[in-house]
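Comments concern the structure below.
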Amino acid sequence: MANVYDVKVAIVGAGSAGISIAARLLRKSRQLRGQVLLIDPSDKHYYQPLWTLVGGGAAKVEDSVREQATLIPDGAKWLKEAVDTFVPEKNTLKTKEGSTVRYDYLVVAAGVEIYWDQIKGLKETIGKNGVCSNYSYDYVQSTWENIRHFRGGTAIFTQPSTQVKCGGAPQKIMYLADDYFRQSGVREQTNIIFASGLPNIFAVKKYADTLEQVIQRKNIETKYRVELVEIDGKAKKATFEHLDTNERFTLSFDMIHVTPPMGPPAFIKKSPLADEAGWVDVDPYTLQHKTYENVFGAGDCTNLPTSKTGAAIRKQAPVVAENLLALMNEKPLKARYDGYTSCPLVTGYNKLVLAEFDYEKNPQETFPFDQSKERMSMYVMKRNVLPIVYWNGMLKGLM
Amino acid sequence: MLQLIENDEQQEALRYFIEKLPQLKQTMESLEEKVAFVQHVLNDKQSLEAMFTEWEEKAEPFRLTPEHLEALATLVQLLPTLVQWLQKAEQFISFVTSVINDRESMAYAIQGAEDIVPIEKGLTILKETNERFQRERDSSPVSLLRMYRLLKHPLIQDGVKYIETLLDVASKHK
């Protein structure tokens, strides 16, 4: 139903960043109770980092989802509608359902959009014909079905050249699949190919060195700077384009795990809040919008030059909350985000390299040991500890 | 004086003063009453005596000394740091409370712990051992040869080697 809302703080997106920022604002300023409006059309909230393990058969999909209503912080309101238009000059936004929201301050944390359509034939065959993807709640279990029932042949794992949420995920599932193929005795009859649009296995040398060793140990064939452009599920053929030469080539597969291309959501891309590439244009350190000072951005929808991960959001949320409150109180914006991000690179069942780094790609490790080594302790942390920290720490504005 | 009153500004002020006279009178009366009350209280030695005695009696058990005042000053100095720690403690307590009250997370944690430490497997081994021990219990003495054979078991070998290493390390740290 079309309504008019007048709020102090509007937060677009009730994902990791939106809820975390709302919780932090309400913990720090009790006067904001009833004045924070979260706008998100989804009634489910997904802990997507678990999907790598779900696809690898090491976690249950139902542990990755909760009802959105149970996670809205106490003191915040939830408008279950989708934003359509931003009018930042008038401190207003409009939803697809026709509602108008007038705000004093705006936080945009709407995540990324998956462009399933950009790969010809993908939508028609995803979830069947050996084609799977961990990047959707609906298809993640098809990955495990494919790995579990694989009887040898060619298994392809793709990564697009675009930014994706959790840049390490496309290769993590490949390492789990390799492990499982060895356990089930089909590895000898299997050729694993990693076809990536990027120029290397990982952007940070320290972790790339370890991953190169993993690739070698697991005897995985790599193809870099190649983009999946077309897929024919029935014929089990995937067509790639070399990004430097534009030459096309086709590979046959018995299973293929597709990481689809991703980009900014359409409603942000067309708005005055976006930069040339379509992302929310924010200062990389204060996270304040470069043009509209009462607007902040956080998470995957921003143009922050760092890897898009939940761990990055964990560090961005306190900066946005603190700087937004400082702006409200006419104080200088002191909180700074240094580009921290983290990628728990699962390299097999019970093995994980915990990559943590900043804008300059300098390792910024939490633990007092070399995190570039594959460790079981870090795997246990990802699988058993981090989901609990997410639901009860991050989304409550505590961690 | 008359010349002064002819001045516009003075006349304006006088007009304002006359207009406000009723309110000013009321305010003055109220102020007078409050001053009178304070004067009465100050003259009421009995009430003051009782009040101060009660305060002193309440403060007496604390036996405040100059050291207490110094400590209070130190505490005030430390407050910015202490508040930081208290905030962290509060966040931690809130997190633990949230986990405890979150059934899904508790179930997930318990399941995870069982996956890491195979409790059920351990219990099965213990149960089977107990049953077999009860069933096959014999009264024959344990021979030296049997002890020797037992010592060769890899688990015992590892255990002995571990104890040797532990004693070696411990002696270095004496």
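Lettering of chains follows the sequences in order, A, B, ..., and the numbering in each one begins at 1.
With a 4.5 Å cut-off on non-hydrogen atoms, A:Arg383 touches chain B through its backbone and its side chain both. For A:Val385, no part lies near chain B; criterion is any non-hydrogen pair under 4.5 Å.
Rounding to the nearest 0.5 Å gives a distance of 9.0 Å between CD1 of A:Ile72 and NE2 of A:His45.
A donor-acceptor pair shorter than 3.5 Å can be found between the side chains of B:Glu90 and B:Ser94.
The aromatic rings of A:Tyr180 and A:Tyr349 stand perpendicular to each other, their planes meeting at an angle above 60°, with 30° marking the opposite boundary.
The choice from A:Lys60, A:Met399, A:Met376 that makes the most heavy-atom pairs within less than 4.5 Å of chain B is A:Met399. Ranked by non-hydrogen atom pairs under 4.5 Å with chain A, the options B:Val96, B:Thr97, B:Asn101, B:Val99 are led by B:Val99.
Proximity of a side-chain donor or acceptor of A:Asp43 to a complementary backbone N or O of A:Gln68 within less than 3.5 Å is not detected.
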